[in-house]
Amino acid sequence: MAGADGERISGLREFGRRLGVAFQCADDVLGIRGRTARSGRPVGADLAARKKSLPVVAALSGEGAAAERLRALYAATHPLDEQEVDLARELVEEAAGPPSRRPASGVGRAARPVVGAAHPDAYRQLRDMTSWSSQRTVLGEVGREGHRAPAPGR
């Protein structure tokens, strides 16, 4: 980006920040709903460690029986066994609701004013990266039609 004006650099910084947040949200959801074989990380490990990922925080701050039961599980001092991790997963889903595409929804729009008309190929690549991240967020790295979402740039 040598020679880019301050507005373009600022816009790309904001795009990167939003994409990073969307990617972290995806990672949080995959830690609860993903598949170990696909994500490469043990699903439920964050729940077993009582990490307060975005879906967990949303569930813990909720009202109702599911949120209350999740708060009790997180307050317990004993290590969670497999059944309790499964219960925690169910309680997060019930108390927080299904994962949303919202974290990634504004990311692609943030790129257009920065690179859109002047660099259509760069904008397409940023849009593809955003699309991949949002599909990963909602569908556990599987596209709407049931096949893997392509990695950015493919």
*Do the side chains of Leu87 and Arg69 get nearer than 4.5 Å, heavy atoms only?*
yes
*Taking Ser61 for the side chain and Val57 for the main chain, is one N or O donor matched with an acceptor at less than 3.5 Å?*
yes
*For Asp81, does its backbone N or O pair with a side-chain atom of Glu84 as donor and acceptor, under 3.5 Å?*
yes
*How would you list, by chain and number, every residue that makes a side-chain contact (heavy atoms from CB on, under 4.5 Å) with Arg89, sequence neighbours excluded?*
Ile32, Val43, Leu47, Val85, Asp86
*Results of side-chain contact (heavy atoms from CB on, under 4.5 Å) for Ala59 - residues two or more places apart only*: Leu70, Val92, Ala95, Ala96
*How long is the gap from CD on Glu68 to CG on Leu91, to the nearest 0.5 Å?*
11.0 Å
*Separation of Asp28 CG from Asp46 CG (nearest 0.5 Å)*: 7.0 Å
_side-chain hydrogen bond (donor to acceptor under 3.5 Å, both in side chains): pairs with one or both residues in residues 49-59, sequence neighbours excluded_ = none
